[in-house]
Structures are given as structure tokens and as C-alpha cells.
Asks: 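Before we start, here is the structure in question, set down as C-alpha cells.
Computed from a predicted structure; not experimentally measured. Counting begins at 1 with the first residue of the sequence.
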Amino acid sequence: QVQLVESGGGLVQAGGSLRLSCAASGRTFSSYAMGWFRQAPGKEREFVAVIRWSTGRTYYADSVKGRFTISRDNAKNTVLLQMNSLKPEDTAVYYCAARDSAVVITSAGWYDNWGQGTQVTVSS
């Protein structure tokens, strides 16, 4: 049973930084794609970033490219999302997602394992 637990959310001023963590357990994740998604009130869940655990290859949404960095810590079985230059429009609940697949997809519906989410609020 895959378990994903997010942490690191909070309130930050525009221009500030936060680092989100996703602690993964229950499987060996070397063959997994690990993604971050976010959902703002009244909006659909949207793709933020994804990393292939085995290769470290990453993909980003255009809206966060150059500001956010996804990485993984093999020793701690953790996926990180470093968020810099935060904007009020980054305010959302951020979710960690995982799927055992060599194919990397940016659609939320493709992922079959989800964390509970962590709130990120950016004030102007």
C-alpha cells in the first residue's frame, strides 16, 4: 500500500519561498513517476511538476518553470518541491502523487496514489 504524506505548507509573502516534502512509503519507488499538483478553490487540480525517480528527469508546468524545483532524496524516500519567488496565484492545496510507470504524464487522472495535501497561501 503506497502512502504519501505531504508537509511544509504555510503562509508566506509574495516573493518568498517554501519547500514542500512528500514522504513516500509502502513500495520501492525506483520505477515510479512522482508528481506535484495543486488545486485552488473553485478550480480544477492542475499539474505543477513531475520527476522520474530512477533517472531524476523532471518536467514543469510553464507557470512554475524557473521558480520551482522538484527533486528526490533517495535515502529518505522523499520528493521535494522547492518553491521560490512565490506569487499570490500560487495559493492552493498542493498534492503529491505517484504512479508505477516508465511513462510520465502530466494529467492528474493518470496518477493512482495521492497524499492528503498541504495548504500553501501566498499573501500580496
Side-chain angles (χ1 to χ4, degrees):
Q1 188 81 8
V2 172
Q3 289 190 323
L4 305 172
V5 180
E6 302 97 333
S7 61
L11 173 64
V12 64
Q13 288 188 332
S17 299
L18 282 175
R19 189 175 77 164
L20 305 184
S21 295
C22 172
S25 62
R27 288 285 188 276
T28 300
F29 291 92
S30 58
S31 60
Y32 273 65
M34 307 293 294
W36 283 98
F37 290 78
R38 66 187 182 187
Q39 189 165 17
K43 295 188 176 181
E44 292 187 354
R45 193 167 296 189
E46 66 171 0
F47 167 74
V48 175
V50 63
I51 186 168
R52 278 282 294 145
W53 198 290
S54 58
T55 63
R57 190 169 183 180
T58 58
Y59 302 87
Y60 296 92
D62 288 343
S63 59
V64 306
K65 205 171 292 184
R67 300 188 298 123
F68 290 12
T69 302
I70 188 171
S71 62
R72 83 269 194 249
D73 184 330
N74 291 329
K76 296 182 179 180
N77 243 25
T78 298
V79 177
L80 304 170
L81 185 68
Q82 178 66 43
M83 305 186 296
N84 299 327
S85 302
L86 282 161
K87 305 174 181 180
E89 51 263 43
D90 294 318
T91 295
V93 177
Y94 283 70
Y95 296 91
C96 179
R99 175 156 178 161
D100 187 358
S101 175
V103 177
V104 172
I105 302 293
T106 60
S107 171
W110 182 75
Y111 290 81
D112 52 7
N113 297 284
W114 291 88
Q116 83 288 351
T118 184
Q119 176 70 47
V120 171
T121 303
V122 184
S123 63
S124 57

Asks: Side-chain contact test, heavy atoms from C-beta onward, threshold under 4.5 Å: evaluate it for W36 versus E6 and give yes or no.
Replies: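 Heavy-atom side-chain distance check passes, below 4.5 Å.
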
Asks: Give a yes or no on whether I70 and Y59 share a hydrophobic cluster (residues Ile, Leu, Val, Met, Phe, Trp, Tyr; joining criterion: side-chain heavy atoms under 4.5 Å apart).
Replies: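 No, because I70 and Y59 fall into different hydrophobic clusters, even though each may have its own neighbours under 4.5 Å.
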
Asks: When you compare the side chain of L86 with that of F68, does any pair of heavy atoms fall below 4.5 Å?
Replies: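 Yes - at least one pair of side-chain heavy atoms lies under 4.5 Å apart.
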
Asks: Would you say the side chain of V2 lies within less than 4.5 Å of the side chain of D100, judging by non-hydrogen atoms?
Replies: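 No. Closest side-chain heavy atoms not under 4.5 Å.
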
Asks: Which heavy atom of A40 sits nearest a heavy atom of T91, and at what distance?
Replies: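 In terms of heavy atoms, the two residues are closest at CB-O, 3.7 Å.
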
Asks: Are the side chain of R52 and the backbone of S31 linked by a donor-acceptor contact shorter than 3.5 Å?
Replies: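 Present.
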
Asks: Using modelled atom types and a 3.5 Å cut-off, is there a donor and acceptor pairing between side-chain atoms of T28 and backbone atoms of S30?
Replies: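 A pair under 3.5 Å: no.
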
Asks: Between W53 and N74, which heavy-atom pair has the shortest distance, and what is it?
Replies: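 Nearest heavy atoms, W53 then N74: NE1-OD1, 2.7 Å.
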
Asks: Return the minimal non-hydrogen interatomic distance between Y60 and F47, and the atom names on each side.
Replies: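 Distance-wise, the nearest heavy atoms are C-CE2, 3.7 Å.
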
Asks: Side chain to side chain contact (heavy atoms under 4.5 Å, CB included) between R38 and V64: does it pass, once the steps are laid out?
Replies: CA-CA 12 Å; R38 66 187 182 187; V64 306; 4.0 Å; yes

Asks: Do you know which two heavy atoms are closest between M34 and C96, and how far apart they sit?
Replies: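 Residues M34 and C96, closest heavy atoms: CE-SG, 4.4 Å.
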
Asks: For A24, is there any backbone N or O sitting under 3.5 Å from a side-chain donor or acceptor partner on N77?
Replies: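 Present.
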
Asks: Side chains of R57 and V104: does their closest heavy-atom pair fall under 4.5 Å?
Replies: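 Sidechains of V104 and R57: no contact.
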
Asks: Mind checking whether F29 and V79 have side chains closer than 4.5 Å, heavy atoms only?
Replies: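 No, too far: nothing below the 4.5 Å cut-off.
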
Asks: Are L4 and I51 connected in a single hydrophobic cluster, I mean Ile/Leu/Val/Met/Phe/Trp/Tyr linked by side-chain heavy atoms less than 4.5 Å apart?
Replies: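 Cluster IDs for I51 and L4 match.
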
Asks: Apply side chain to side chain contact (heavy atoms under 4.5 Å, CB included) to the pair D90 and M83, showing each step before the final yes or no.
Replies: CA-CA 10 Å; D90 294 318; M83 305 186 296; over 6 Å; no

Asks: Once you round to the nearest 0.5 Å, how far does OG1 of T58 lie from CZ of R72?
Replies: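 If I round to the nearest 0.5 Å, the distance is 10.0 Å.
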
Asks: Look up atom CD in Q82 and atom CZ in R19, then write down how far apart they are to the nearest 0.5 Å.
Replies: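 Q82 CD to R19 CZ: 6.5 Å, rounded to 0.5 Å.
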
Asks: Would V103 and V50 show up in the same hydrophobic cluster when neighbours are defined by side-chain heavy atoms closer than 4.5 Å?
Replies: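 Yes, same cluster.
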
Asks: Please check if any side-chain donor atom of R99 sits under 3.5 Å from a side-chain acceptor atom of Y111, or the reverse.
Replies: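 R99 vs Y111: no donor-acceptor pair found between side chains.
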
Asks: Where is the tightest heavy-atom contact between S124 and A14, given as atom of each residue plus distance?
Replies: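 Looking at all heavy atoms of both residues, the closest pair is CA-CB, 4.4 Å.
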
Asks: Under 6.0 Å from the ring centre and within 45 degrees of the ring axis: does the NZ or CZ of R45 meet both conditions for the six-membered ring of Y95?
Replies: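 Here R45 passes the 6.0 Å and 45° test against Y95.
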
Asks: CD of E44: more than 12 outside heavy atoms within 6.0 angstrom?
Replies: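 It does not: E44 CD has 12 such atoms or fewer within range.
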
Asks: Do F37 and Y32 belong together in a cluster built from hydrophobic side chains that touch within less than 4.5 Å?
Replies: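 Different clusters: F37 never reaches Y32 through Ile, Leu, Val, Met, Phe, Trp or Tyr contacts under 4.5 Å.
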
Asks: Could you tell me the separation between the NZ atom of K87 and the OG atom of S85, rounded to the nearest 0.5 Å?
Replies: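 It is 8.0 Å, given to the nearest 0.5 Å.
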
Asks: Please report the shortest heavy-atom distance between Y94 and L81, naming the atom on each side.
Replies: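 Distance-wise, the nearest heavy atoms are CD2-CD2, 4.2 Å.
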
Asks: So, are K65 and D62 salt-bridged, with charged N and O less than 4.0 Å apart?
Replies: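 A salt bridge is present here (some side-chain N lies under 4.0 Å from a carboxylate O).
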
